[in-house]
Amino acid sequence: MAVEAFDDLLKVIGTGKWNILTFVAVAYWFQVIVYHALAVAFLAPAVKHTCVIPPEDQLTLTSQVSGDNATETDQCYYTSGNISRQCKEWHYDNTIFGHTMTSEFDLVCSRAYLRSIYQSIYMFGSLIAAPIGGILADKYGRKFLFTIGSTTYFVLSLIACWIPTMPTILAFRFLMGLMHTPTMNAAFILGMEICAPAARSTVGVLFALPWAFGTVIWGGLAYFIRDWRWLQFAVSLPTVILFPALWYIDESPRWLVVRGQDARAIEILQKAARWNGISPIPEEDMKELTRVTQSKVTSVTEEGQSGDKTRLQMVWEKVKNCARQLFILFKTRRLRRTTLVVWMTFMFSSTVFFGLTLNATNFSVDPYFYMIFNGLVEIPAYIFPAPITARFGRKFPIIIGFSITSVCLLALPFIDKDESTLVVTIIMVGRLLLSSAFQLFFLYSAEQFPTEVRLQGFGSGIFLSRLGGIFAPFITELLGPLYSWSPSVVFGVFSLITSSILLLVPETLNKPMPETIAEFENDSPTATNNKKHDLEMEKSRHPDGDTQEMEQKEYI
């Protein structure tokens, strides 16, 4: 097959300067994105504030009982007798965060929801762009989309540093979210397609680590830079370091061959051989590889074309095909169960992941060190899964990870908030196991589906995981002020549900992945039991029959 031949060629080219330059560029970009994906933690955090009563009113603030049974002063309204008025000006305690969007744009009281919107609108843009990124990368190229997307993202992030109004800032956050997923996907695909088969597992782990390192750096920079505009500028400007690498890295030669650009692909492969210090690859071998691959692509394309179809008919067929691809995941009972389990796990685990990252205020811990610790525990969480899955499988390590995370989070309401060291320790234990389980689930979920619908099942799960980033800030920002322990309970329940529903899907270690939905259903425990039952019934009807022959007929 052409893919195997191309992988053989990548084995010959090996891993050297040509591959490593791309790997470094991709990893650096994954780190840059972290600062903006978690921006709300330091740019628009919850800040303590006090209502400023106009001197001419001479009114007093009212008291109220919070959800934690603590008497607090209402900083949104002030009253005297029967008169109640809304506060229009506040004094902000900037000892922790300094100058933030919260204090600059008065994102408190009736405008507090805008802080959640600031985070969610970025994830909403990422959600919308998720299905588009793959199409654009397939049509225009991996490097092209990576370059255009990262450049646009960089420009938007710099402009957003100096925008004077909150609605415009939200619009730019949405546009940055639109760039987030397509550039990440294009960069990841580019890195994987130029990677030798033996190094793909290692490179896959290395691409996960920049998120952890970026989280650590984000907490450190925010600690030293307490003005939100200069902080965003400080994390946006270093993106320029990426651009020289984008100039020198190449388009995926595998994609070029598929698109019929044989000469350019051969030129890049010969360059890769030179940069990696190996002998030039024979020109005839290159041409044969591209010829075989291109003939396969051409034959498939010709089968799908019809000269007498109008453009409208072709568009309508694409719409119907998309609808079929969506509903095919619910075609059979086992496939429906698998799809729902994967979707729910992606959505719940993503909500808990982002929620724990952004919930420092409700835990009453130092937000800067909390963010740094979050990143530090993710480093081993991304490294350890590979040997764990090889020895213990996928299913039960994931279930154990989510279960212990649930226990940790559900225990937090019973611990005094003043015990900050104990609180942080329990959270970080849960975060470590959550990150490991979440990382393992990416592999496990892809193995759950038959090849026929694997892309649809896995891709739709990733798509729904973006909802977690949308829901998480509303849980922390809206429930937290009412009951400080409530976000922990919600996230703990989500983790518990996730660990429970994973019992419904099978282990995949050392098991061949089915190619079709029919094979997938026939391999299910129910199908196997039904076959055994039918075989026993057949034996009872034909006691003198040839058992081996009946078994062969049954399983053909």
Side-chain angles (χ1 to χ4, degrees), residues 33-34 36-46 67 107 111-131 170 173-174 176-178 180-181 184 211 215 339-363 367 370-371 374 378 402 405-406 408-410 412-413 427 430-431 434-435 437-439 441-442 445 459-502:
I33 279 184
V34 175
H36 302 284
L38 304 178
V40 69
F42 301 119
L43 302 190
L107 305 184
R111 290 170 56 84
Y113 73 96
L114 290 175
R115 290 189 286 107
S116 299
I117 294 293
Y118 179 78
Q119 175 67 18
S120 296
I121 200 168
Y122 181 93
M123 292 299 172
F124 183 62
S126 177
L127 176 74
I128 292 177
L170 294 178
R173 281 285 288 177
F174 174 74
M176 290 173 66
L178 287 178
H180 178 110
T181 302
M184 283 194 70
W211 184 277
T215 304
T339 299
L340 291 175
V341 168
V342 169
W343 284 5
M344 291 175 67
T345 301
F346 265 119
M347 188 165 62
F348 285 160
S349 55
S350 176
T351 303
V352 178
F353 182 88
F354 281 102
L356 287 182
T357 304
L358 303 174
N359 202 29
T361 302
N362 294 317
F363 290 141
Y370 180 83
M371 184 67 70
N374 266 283
E378 286 184 28
F402 283 125
T405 300
S406 175
C408 291
L409 295 176
L410 292 176
L412 288 176
I427 295 171
R431 180 56 186 265
L434 169 69
S435 299
F438 200 11
Q439 178 75 1
F441 185 71
F442 275 82
S445 61
S460 59
I462 297 294
F463 177 79
L464 288 175
S465 72
R466 299 295 186 270
L467 293 177
I470 295 175
F471 296 150
F474 286 100
I475 295 174
T476 59
E477 296 292 339
L478 299 183
L479 293 182
L482 299 177
Y483 298 92
S484 60
W485 47 264
S486 57
S488 301
V489 172
V490 173
F491 298 144
V493 170
F494 281 0
S495 299
L496 182 61
I497 293 173
T498 301
S499 62
S500 301
I501 62 177
L502 287 173

| query | What distance separates Met176 CE from Tyr122 OH, expressed to the nearest 0.5 Å? | reply | 5.5 Å
| said: Is it the case that the side chain of Glu477 and the backbone of Pro45 share a donor-acceptor pair, with hydrogens and angles ignored and the cut-off at 3.5 Å? | reply: no
| Test side chain to side chain contact (heavy atoms under 4.5 Å, CB included) applied to Phe491 and Thr405, step by step | CA-CA 9 Å; Phe491 298 144; Thr405 300; over 6 Å; no
| said: Distance alone, cut at 3.5 Å: any donor-acceptor contact between the side chains of Ser126 and Thr181? | reply: yes
| query | With a 4.5 Å heavy-atom cut-off, do Leu356 and Leu409 have their side chains touching? | reply | yes
| query | Taking the six-membered ring for Trp, are Phe442 and Phe346 ring centroids under 6.0 Å apart? | reply | yes
| task | Might you point out which heavy atoms bring Thr351 and Gly468 nearest each other, and give the distance in Å? | result | OG1-CA, 3.1 Å
| task | Please round to the nearest 0.5 Å and tell me the distance separating atom CG of Leu358 and atom CZ of Phe42. | result | 9.5 Å
| query | Do any N or O atoms from the side chain of Ser406 and from the backbone of Phe402 form a donor-acceptor pair under 3.5 angstrom? | reply | no
| query | Between the side chain of Thr476 and the main-chain N/O of Pro473, is any donor-acceptor distance below 3.5 Å? | reply | yes
| message | To the closest 0.5 Å, what do you measure between CZ (Arg115) and OG (Ser120)? | response | 12.0 Å
| query | Are Ile128 and Phe174 close enough that some pair of their side-chain heavy atoms sits under 4.5 Å apart? | reply | yes
| message | Could you report the tightest heavy-atom contact between Gly469 and Phe354, atom names first, then the distance? | response | CA-CD1, 3.9 Å
| Taking all atoms of both residues into account, what is the closest heavy-atom pair of His180 and Ala37, and its distance? | CE1-CB, 4.2 Å
| message | Angle between ring planes, Phe348 versus Phe494, binned at 30° and 60°: parallel, tilted or perpendicular? | response | parallel
| Given Arg431 and Thr357, is the side-chain hydrogen bond (donor to acceptor under 3.5 Å, both in side chains) satisfied, shown in steps? | CA-CA 9 Å; Arg431 180 56 186 265; Thr357 304; 2.8 Å; yes
| field | Minimal non-hydrogen separation, Ser435 against Glu378, with atom names | value | OG-CG, 3.6 Å
| task | Examine distances only and state if a side-chain atom of Arg173 and a backbone atom of Ile121 form a donor-acceptor pair shorter than 3.5 Å. | result | no
| Minimum-distance pair of heavy atoms, taken over all atoms of Gly125 and Leu178 | O-CD2, 3.3 Å
| Which atom pair, heavy atoms only, marks the closest approach of Ser460 to Trp343? | OG-NE1, 2.8 Å
| request: For side chain to side chain contact (heavy atoms under 4.5 Å, CB included), just list the numbers for Thr498 and Phe441, CA-CA rounded to whole Å, side-chain angles, deciding distance to a tenth of an Å, and then say yes or no. | output: CA-CA 11 Å; Thr498 301; Phe441 185 71; over 6 Å; no
| message | Let me confirm one number: the OG1-CG distance from Thr345 to Leu464, rounded to the nearest 0.5 Å. | response | 11.0 Å
| request: Mind running side chain to side chain contact (heavy atoms under 4.5 Å, CB included) on Leu114 and Leu170 for me, showing each step along the way? | output: CA-CA 9 Å; Leu114 290 175; Leu170 294 178; 4.1 Å; yes
| said: Could you measure the distance from the OG atom of Ser486 to the CD1 atom of Ile475? Nearest 0.5 Å is fine. | reply: 9.5 Å
| Between atom OG of Ser116 and atom CZ of Phe471, what is the distance when rounded to the nearest 0.5 Å? | 13.0 Å
| Tyr113 and Leu107: side chain to side chain contact (heavy atoms under 4.5 Å, CB included), yes or no, with the steps? | CA-CA 8 Å; Tyr113 73 96; Leu107 305 184; over 6 Å; no
| message | Other residues, nucleotides and ligands only: do more than 12 of their heavy atoms fall within 6.0 Å of CZ on Phe124? | response | no
| said: With a 4.5 Å cut-off on side-chain heavy atoms, are Ser488 and Leu410 touching? | reply: no
